[in-house]
Amino acid sequence: MTRMGFIFLLLSNAASVSTQFNGYNCDTNYHSRFPGERDISVYCGVQTITLKINFCPVLFSGYTDADLALNGHHSEAQCRGFINNNTFPTALLFSISLSTLEACGNSLVVSTAYGPTAYGNMSLVQIGNISGYIDTPDPPTIISYLPGLLYKFSCSYPLEYLVNNSQLASSSAAVSVKDSNGTFVSTLSMILYNDSAYNQPLSIPMAGLALKTRVFAAVKATNLDKRWNILMDYCYTTPSGNPNDELRYDLFFGCYKDPQTTVLENGKSQMGRFSFEVFRFVKHRHQKMSTVFLHCVTKLCRADDCIMLMPICGRRRKRDEEETPDSMAAASGNAILSAGPIITRSVSFPFHLPASGDLSHSMNPVTSALISGVVILSVVSVCFFLLLLRFLLKPRPPATTAASGVWNPSFK
């Protein structure tokens with residue numbers, strides 16, 4: 001070891017000794033004080049909420065790690081934190097599982113309000129707020145010279161997601177949502193299938209799918225607590241992988257539904273299912289194949305509340321009367337769930353008649369109308385010709401003579 005390295009090691013050891021207090025990584029120059037608001041950090045995760053408390057001010061206030069617990073549950077070991085002495089300063093950590101968050105008295109409140117989606121559509125949105133506190137016990141005496149410590153926390157989870165990812169394989173997408181800003185879903189996925197039993201993932205031939213082929217789509221949530229269901233709010237298609245593409249075709253939104261789209265399950269479990277017939281975008285008319293990308297705005301709702309978020313068709317709500325600035329401010333952030341491309345092949349001429357002789361699947365509407373017009377014109381022409389022929393062949397009456405029948409001498 002060099003001389004400089006030895007001196008650096010001595011300085012490091014001296015620094016580590018000066019920042020130790022009762023075996024914890026605490027510096028008396030910075031931590032000889034009562035706790036403040038900056039001493040707690042809250043991480044709103046996908047499956048757990050993590051609370052990190054600066055333990056040094058707690059120590060200097062006369063308390064130990066065993067004195068702090070969630071929501072006053074000091075007698076329950078699972079509601080107390082644990083020391084992490086591998087950081088500076090030493091931290092006291094609490095971990096709250098979202099699947100059992102009520103176990104230590106934490107509170108979950110779900111509020112519902114109207115708010116705009118990513119595209120300005122007004123819709124009912126639910127927001128889940130989880131809150132609680134960490135405190136020290138009151139002494140069994142009349143007075144105390146120790147300060148009572150109280151740390152409050154909350155995590156707000158918007159329950160509407162529009163998760164976007166155009167990096168696809170086998171026409172499906174799986175997206176892991178980051179643990180930032182309080183996101184309730186760990187993984188959302190949209191998978192396309194060939195069959196109504198949802199067993200065979202969609203297989204697209206090299207030439208593309210034939211037009212009007214029915215495709216079955218499923219939106220799933222994994223690592224999600226059982227109290228939440230999936231509600232597909234708005235599904236649409238674009239010719240590109242960009243969900244913000246101005247050219248789009250809606251499959252269903254609210255009470256509107258494309259005639260060729262069937263919603264099979266929605267808001268009843270942690271999976272939403274629907275099917276639709278593939279088509280082509282007219283902008284791809286000069287191409288042999290057309291690409292279709294599928295996008296869905298997905299909400300999470302408590303199982304008992306999903307029915308309230310479903311659209312009431314046949315009775316339109318007067319949303320303008322119910323919208324307020326407060327409700328719009330409560331709208332959630334958005335993320336997008338996408339799948340594709342679904343590749344379809346365009347019909348080109350000459351075409352082959354189906355085996356059944358049905359032309360409806362082989363001709364477009366313009367061709368069908370043209371053929372119908374030609375047939376009608378031919379029938380009218382034949383009728384007119386037969387009518388004219390009958391008129392020409394009708395027998396004429398003989399010429400009449402003078403009324404008197406007497407010869408006129410003037411005509412000698």
Side-chain angles (χ1 to χ4, degrees), residues 117-119 121 123-124 160-164 166 168 171-173 188-204 208-221 229-284 289-299 301 306-307 309-314 316 336-347 360-361 364-365:
T117 64
Y119 302 104
N121 299 317
S123 178
L124 274 175
E160 179 173 287
Y161 302 93
L162 186 59
V163 185
N164 177 37
S166 58
L168 308 169
S171 299
S172 64
L188 288 175
S189 63
M190 180 188 295
I191 305 177
L192 305 180
Y193 295 89
N194 282 324
D195 61 321
S196 59
Y198 289 81
N199 292 325
Q200 302 175 3
L202 180 65
S203 176
I204 302 178
L209 293 173
L211 297 178
K212 296 184 71 65
T213 298
R214 183 158 290 275
V215 171
F216 299 85
V219 177
K220 300 180 180 180
N229 285 352
I230 276 186
L231 179 63
M232 300 176 298
D233 189 50
Y234 173 36
C235 290
Y236 63 97
T237 59
T238 60
S240 69
N242 179 15
N244 298 316
D245 197 323
E246 293 183 358
L247 181 60
R248 68 182 59 187
Y249 183 76
D250 295 344
L251 296 181
F252 61 88
F253 171 67
C255 293
Y256 167 79
K257 184 174 67 67
D258 170 69
Q260 308 304 323
T261 300
T262 302
V263 179
L264 303 172
E265 182 180 3
N266 197 17
K268 297 180 179 179
S269 68
Q270 294 190 350
M271 181 172 68
R273 299 180 300 131
F274 66 97
S275 67
F276 64 99
E277 293 184 354
V278 297
F279 49 85
R280 68 180 181 89
F281 281 97
V282 177
K283 68 172 293 183
H284 297 148
M289 293 183 291
S290 176
T291 56
V292 177
F293 288 82
L294 182 61
H295 315 276
C296 277
V297 178
T298 303
K299 291 179 179 178
C301 53
C306 284
I307 187 66
L309 300 180
M310 298 290 288
I312 302 177
C313 301
R316 297 182 61 87
I336 297 179
L337 195 78
S338 303
I342 302 171
I343 303 174
T344 62
R345 58 175 179 264
S346 300
V347 177
S360 60
H361 297 288
N364 56 39

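- Not counting sequence neighbours, the partners of Asp258 by the side-chain contact (heavy atoms from CB on, under 4.5 Å) test are Tyr249, Tyr256, Gln260, Thr261.
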Test side chain to side chain contact (heavy atoms under 4.5 Å, CB included) on Asn266 and Leu231 and set out the steps. CA-CA 6 Å; Asn266 197 17; Leu231 179 63; 3.6 Å; yes

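- Taken to the nearest 0.5 Å, the CG atom of Asp245 stands 3.5 Å off from the OG atom of Ser240.
- The minimum heavy-atom distance between Pro239 and Leu247, with the atom names listed, is CD-O, 3.2 Å.
- Nearest heavy-atom pair across Ile230 and Gly272 is CG2-N, 4.2 Å.
- Looking at every heavy atom in both residues, Glu265 comes nearest to Met232 through O-CE, 3.5 Å.
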Between Leu209 and Val215, does a side chain to side chain contact (heavy atoms under 4.5 Å, CB included) hold up when you go through it step by step? CA-CA 10 Å; Leu209 293 173; Val215 171; 4.1 Å; yes

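- Nearest heavy atom pair, residue Leu294 against residue Thr237, reads CD1-CG2, 3.9 Å.
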Output, in order, the C-alpha distance, side-chain angles, deciding distance and verdict of side chain to side chain contact (heavy atoms under 4.5 Å, CB included) for Val278 and Val292. CA-CA 8 Å; Val278 297; Val292 177; over 6 Å; no

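- When atom types are taken as modelled, the side chain of Thr238 and the backbone of Arg248 share no donor-acceptor pair closer than 3.5 angstrom.
- Nearest heavy atom pair, residue Pro311 against residue Cys255, reads CB-SG, 3.9 Å.
- Considering Phe216, Phe274, Tyr198 as possible partners of Tyr193, the one that fulfils the ring pair (Phe, Tyr, Trp, His ring centres under 6.0 Å) test is Tyr198.
- No more than 12 heavy-atom neighbours from other residues, nucleotides or ligands sit within 6.0 angstrom of CD1 on Ile307.
- Here the OG1 atom belonging to Thr291 is positioned 8.0 Å from the NZ atom belonging to Lys283, to the nearest 0.5 angstrom.
- In this structure, Asp233 contributes its side chain and Lys299 its backbone to no donor-acceptor pair below 3.5 Å.
- The backbone N or O of Gln200 sits less than 3.5 Å from a side-chain atom of Asp195, completing a donor-acceptor pair.
- The heavy-atom pair separating Arg273 from Ser196 by the smallest distance is NH1-O, 4.3 Å.
- The main-chain N or O of Pro201 is found under 3.5 Å from a side-chain atom of Asn194 such that the two form a donor-acceptor pair.
- Classified by interplanar angle (parallel below 30°, tilted 30° to 60°, perpendicular above 60°), the ring pair Phe293/His295 is parallel.
- Distance check, rounded to the nearest 0.5 Å: CG of Leu211 to OG of Ser290 gives 8.5 Å.
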Hey, mind stepping through Arg214 and Thr262 against side chain to side chain contact (heavy atoms under 4.5 Å, CB included) and telling me if it holds? CA-CA 10 Å; Arg214 183 158 290 275; Thr262 302; 4.0 Å; yes

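- Considering CD1 of Ile342 and OG1 of Thr213, their distance stands at 10.5 Å, rounded to 0.5 Å.
- Here the OG1-OH distance, from Thr298 to Tyr234, works out to 13.0 Å after rounding to the nearest 0.5 Å.
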